[in-house]
Structures are given as C-alpha cells and as structure tokens.
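See below for the structure under consideration.
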Amino acid sequence: MSWVVGDRGRQSNFIYGTAKAAFSTYLQGLRNSLYSLKIKVMTIKPGYVDTKMTKGMALPEWLTVSPHYCAKRILGARTRSTDMVYIFRASGGLIMLIIKLIAERIFKKLSL
C-alpha cells in the first residue's frame, strides 16, 4: 500500500513523498519481475482515509473516504487483476489530475 503523495513532489512533504514514490516504483518492478511466474502484485494508492492517523487533521469530509470504502475498492480491484488502484472520492481524483497536470515551473511556486 503506497499513497498518492508519491505522484508529485511537494514542498511540504517531499521526503515522505520520495519514500512513497520509491515504494511504488519498487512494487512496479516486483510486479514485472514476477509476471512470468503468474504472481500478481497490486499497488494501492489511497487518498485521505478516515483513520486514527487522520483524526484531528483539518480535512474536508468530501476529501476523505472510510476504511470500509477502501476495503471494498481493493477487493473489487483484486477480482479485476488491476495493477494499480487509486482510492478516493471523485473530487479527490479530479484534484490529483489537476495537480499532475500543472507545469512544474508553476507548481513550485504554490505552497502545497
């Protein structure tokens, strides 16, 4: 289980994001390495999940998902043999798409 924070380097948590990006790349290599043996490796990249870790954080409800929702999405992805699964509400997916599309010369000026 990785996290979407590894998809884009941000000022506020680039070291943590680096670790998640490296882990996602490791899982991708492992997935490719084990493919011929028919062993499947799936990368899960959730957004914010309503857990003990996120309690007290000022997160809008529309940006968080429940652990139950995550579990349902993971089980559904497993039956489809998906390589990578992003788990967040539709609004979170739109936000991540926009963040990925912003040119770096503009993104580095943002305080994210």
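The analysis underlying the following values was restricted to heavy atoms, covering all of them including side chains, and did not include hydrogens, waters or symmetry mates. Predicted model only: the values in this text are computed from it and were never measured.
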Polar contact flag, side-chain donor to acceptor under 3.5 angstrom, R89-T64: no
Of V65, I44, I87, the residue whose pairing with R73 passes side chain to side chain contact (heavy atoms under 4.5 Å, CB included): I87
Other residues, nucleotides, ligands: >12 heavy atoms within 6.0 Å of L75 CG: yes
Heavy atoms of other groups near M57 CE, more than 12 under 6.0 Å: yes
Verify the cluster assignment for [X] and [Y]: are they in a single hydrophobic cluster under the rule of side-chain heavy atoms below 4.5 Å apart?
{"X": "L101", "Y": "F107", "result": "no"}
{"X": "F23", "Y": "L30", "result": "yes"}
{"X": "V5", "Y": "L94", "result": "yes"}
{"X": "Y16", "Y": "L27", "result": "no"}
{"X": "M53", "Y": "Y69", "result": "no"}

Spatial distance of atom CG (L63) from atom CD1 (I95) [nearest 0.5 Å]: 5.0 Å
Spacing of M84 atom CE and S24 atom OG [to the nearest 0.5 Å]: 6.0 Å
Aromatic centroids of Y48 and W3 separated by under 6.0 Å: yes
Non-hydrogen side-chain atoms of E104 and R8 separated by less than 4.5 Å: yes
Any side-chain heavy-atom pair of I102 and L110 under 4.5 Å: yes
Q28/T43 under side chain to side chain contact (heavy atoms under 4.5 Å, CB included): CA gap, chis, key distance, verdict: CA-CA 8 Å; Q28 184 180 43; T43 304; 5.9 Å; no
Candidate pair K55 and D50, rule salt bridge (Lys or Arg N to Asp or Glu O under 4.0 Å), full reasoning: CA-CA 7 Å; K55 287 270 189 265; D50 186 18; 3.4 Å; yes
Donor-acceptor contact present, side-chain T82 to main-chain V85, <3.5 Å: no
Considering all heavy atoms of both residues, which atom of [X] and which atom of [Y] are nearest to each other, and what is their separation?
{"X": "T54", "Y": "V49", "answer": "OG1-O, 2.8 Å"}
{"X": "M42", "Y": "A77", "answer": "SD-CB, 3.7 Å"}
{"X": "K20", "Y": "M1", "answer": "NZ-O, 3.8 Å"}

Worked check of side chain to side chain contact (heavy atoms under 4.5 Å, CB included) between M96 and Y86: CA-CA 10 Å; M96 279 308 298; Y86 284 87; 5.6 Å; no
Derivation of the side chain to side chain contact (heavy atoms under 4.5 Å, CB included) call for D83 and R31: CA-CA 8 Å; D83 290 336; R31 178 172 34 256; 3.2 Å; yes
